There are 2 protein chains.
Amino acid sequence: MGITTKELAKICGVSRTTVHRALTDTGRINPQTKDAILKAAKDYDYRPDLLARGLVKGQTFYIGVIVLDVNNRYFAQMLNAIEMEARKHGYFINIALHENNKAMEKEQIIRLADYRVDGMILSSVNQGQEYKDFLNSFDIPIVTIDNKVAEGIPFVGIKEREAAREAVRRILEKGYEKMVFVCPPLSDRYKENIYVHEQRLEGFNEAMRQYPDREAVVIDKKDNLKLCAGQLEDSKRTAFFCSGDIFALELMKYLKSKGLASPADYGIMGFDNIDTLEYVTPRLSTIDNSAEQVATTAVNLLFELINKEKTETKRILDFAIVEGETITAQAET
Amino acid sequence: MGITTKELAKICGVSRTTVHRALTDTGRINPQTKDAILKAAKDYDYRPDLLARGLVKGQTFYIGVIVLDVNNRYFAQMLNAIEMEARKHGYFINIALHENNKAMEKEQIIRLADYRVDGMILSSVNQGQEYKDFLNSFDIPIVTIDNKVAEGIPFVGIKEREAAREAVRRILEKGYEKMVFVCPPLSDRYKENIYVHEQRLEGFNEAMRQYPDREAVVIDKKDNLKLCAGQLEDSKRTAFFCSGDIFALELMKYLKSKGLASPADYGIMGFDNIDTLEYVTPRLSTIDNSAEQVATTAVNLLFELINKEKTETKRILDFAIVEGETITAQAET
DNA sequence: TTGAAAGCGCTAACAC
DNA sequence: GTGTTAGCGCTTTCAA
């Protein structure tokens, strides 16, 4: 690396402490010596070793971000927003992926802690009391997003249940006779954190209860494309409500290969409003859960925790229904 | 944080060196004392301070990754691949965005260097001799991707020119009478690194020269959607060749709003083969530049440089033309 | 206004 | 086998 304060001190004929004072502009110091030191620092292109500084100050100005993977549009949008918001505060980010693997998530968190990040933002696949204890065992502020780990852990999310309920209501108002809720296997609770999907399912069920004349189906199997397609075999007017845009897109693609298109043959609604949708026809109806807003809110909450400002540790944001072209009123006969 | 080697030493009644030996499994040590130390380490949940280790070893096991932003599909795919490949080698990544801002790119690089990353992967907006000197002023290996900064700087990319040439040839074989090459403003050379676009343009020109009977148009203006649409006003059979899928998608969207669709009204080809295309109809013809492969190649090249293995510092990968539905043979009259 | 000395937590050279 | 000592580059008392 470059030059150190020690060498600068020798060059300027002063002590390291004086150099430090000049560089950090603290304490009393003779303006002339200060100028001389600053000039030398510039000439020799001095730059502080951030590791050393972090070691002694116990603060690195890094926040760790742990998510599933970056390939997912939702996380990519999130990440971008987190980086920008963090940078505004003079912080940088350290990204770690857990690939939906509980053990890997733990390892990544441990490593980030060992690297002394000042805080973390975590989209967890783990949950429960035991994991809560694990997270609390670090004396580092951690803000969770998307999936709730447990009560008491700082969390930023949206009103998942209300969003689902509202969406289903709107769909049913359009006269669909059958509603199919599609999500990842809920029985995988022991394998991953399916908090958001459970919440959305609850919202779905709540809304369906108010329309007892309509048929409700839940598909949470692994290989669900075929199962979904099967739902279209009766003559009922059917709509799919997918817990995630990606899955909605996959389903539309699959159904298209079978010669079926929305909105003519089926209704479909997603969740997330990922930006891929801009380019897809027909425009998918979906729910905007404002990844960017969740991201910036999480970062700001994290900073409040880092700075030990007293603060509410739970922030639930609003959602917005995005009317696309895949949910339509009953066609005239 | 947790317990330190110093405290462990006191607990076990040995010196710090012995603790270190037990922990790192180096040097001669009595198996019994070792076991005792390891047990204590476990009981007290000892974990090494990675900052301190990095400081003394001069190695952090981090690589810095500097890209435009993560929202771009291409970079997201890239990043994911980089993270995974790095992790395989026991390394982690530190992400920094430059947002197409030359100065910010420099700042980010400096900061990563100050944090003593062991190497960097850089998709640069800068270029030229001066910048080359800047990069070389760090004694940290840096591998550039996408855009070439200057000869002599380690670089991983694909055969951009050949790819463009081949693509144009294939398009022309389908009988299109007019070819429009679309890319960002090439006059912005002073503002950003437009290396890949220049390469592709060259390939375009080379191919066009072999078909003197066809009309060639280049559009590299900022607000080019309208200009592109204007190209369809004559009655010629026209194909667009866009230097980037995103722009192709934007153009298709725009033209659709004007009531024009591919392949009936125009041909269009992209570049990158981003995964968004999977969900878009019609399937865009494009060129696969294998973001993942570039990523893993770059990481591996970087490790060779870090480990000072003698190595070629330039790796140019192959491309593949992806036949979609937006380039078709002349319709029968 | 300046400097000496100690310490962050780890590793490494050398002596016993 | 084990311990002593020194050092990475920075910050922070405390004393002059």
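All heavy atoms count here, side chains included; hydrogens, waters and symmetry mates do not. Every chain is numbered from 1 and lettered A, B, ... according to where its sequence line falls, protein lines coming before strand lines. Keep in mind that this is a model prediction, so the values were computed, not measured.
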Chemist: Going by distance alone, is a donor N or O of one side chain under 3.5 Å from an acceptor N or O of the other, for A:N300 and A:E85?
Modeler: yes
Chemist: Taking the six-membered ring of B:F155 as reference, does the cationic atom of B:K148 (NZ for Lys, CZ for Arg) lie under 6.0 Å from its centre and within 45° of its axis?
Modeler: yes
Chemist: Report, one pair per line, the protein and nucleotides 1-4 of chain C atoms (nitrogen or oxygen only) whose separation is under 3.5 Å.
Modeler:
unit_1, atom_1, unit_2, atom_2, d
C:dT2, OP1, A:T33, OG1, 3.3
C:dT2, OP2, A:N30, N, 2.7
C:dT2, OP2, A:T33, OG1, 3.2
C:dG3, OP2, A:S15, N, 2.9
C:dG3, OP2, A:S15, OG, 3.3
C:dG3, OP2, A:T18, OG1, 2.6
C:dG3, N7, A:R21, NH2, 2.8
C:dG3, O6, A:R21, NH1, 3.4
C:dG3, O6, A:R21, NH2, 3.4
C:dA4, N6, A:T17, OG1, 2.8

Chemist: Roughly how many Å is it from CZ in B:R116 to C1' in D:dC10, rounded to a whole number?
Modeler: 11 Å
Chemist: Which atom pair, heavy atoms only, marks the closest approach of B:I95 to A:E83?
Modeler: O-OE2, 4.3 Å
Chemist: Return the value, rounded to whole Å, for the distance between atom CD1 of A:I3 and atom P of D:dC8.
Modeler: 14 Å
Chemist: Could you tell me whether the side chain of B:E292 reaches within less than 4.5 Å of the side chain of B:N80, counting heavy atoms only?
Modeler: no
Chemist: What is the distance, rounded to the nearest whole Å, between atom CG of B:L8 and atom P of C:dG9?
Modeler: 13 Å
Chemist: Specify the residue among A:H20 and A:K6 whose closest nucleotide of DNA chain D lies further upstream toward the 5′ end.
Modeler: A:K6
Chemist: Return the value, rounded to whole Å, for the distance between atom CZ of B:R53 and atom C1' of C:dC10.
Modeler: 8 Å
Chemist: If you look at every heavy atom in B:T144 and B:P154, which pair is closest and at what distance?
Modeler: OG1-O, 2.7 Å
Chemist: Closest heavy-atom contact between A:V149 and A:S124?
Modeler: CG2-CB, 3.7 Å
Chemist: Rounded to the nearest angstrom, tell me the gap between atom CD in B:Q59 and atom P in C:dC10.
Modeler: 17 Å
Chemist: In whole Å, I'd like the distance from the NZ atom of B:K57 to the C1' atom of D:dG9.
Modeler: 18 Å
Chemist: Does B:E304 have any side chain to side chain contact (heavy atoms under 4.5 Å, CB included) partners at least two apart in sequence or in another chain, and if so, which?
Modeler: B:E309, B:T311, B:R315
Chemist: Can you tell me the distance, in whole Å, between the CZ atom of B:R47 and the C1' atom of C:dC10?
Modeler: 16 Å
Chemist: OP1 or OP2 of C:dG9 sitting under 4.0 Å from any side-chain N/O of A:Y115?
Modeler: no
Chemist: Without decimals, in angstroms, what is the distance between B:L55 CG and C:dA12 C1'?
Modeler: 14 Å
Chemist: Based on the rotation axes of five pairs at each end, what angle does the helix from C:dT1-D:dA16 to C:dC16-D:dG1 bend through, to 10°?
Modeler: 40°
Chemist: Relative to the ring of B:F92, is the ring of B:Y62 parallel (under 30°), tilted (30 to 60°) or perpendicular (over 60°)?
Modeler: tilted
Chemist: Give, for atom CZ of A:R53 and atom CG of A:L51, the distance between the pair rounded to the nearest 0.5 Å.
Modeler: 11.5 Å
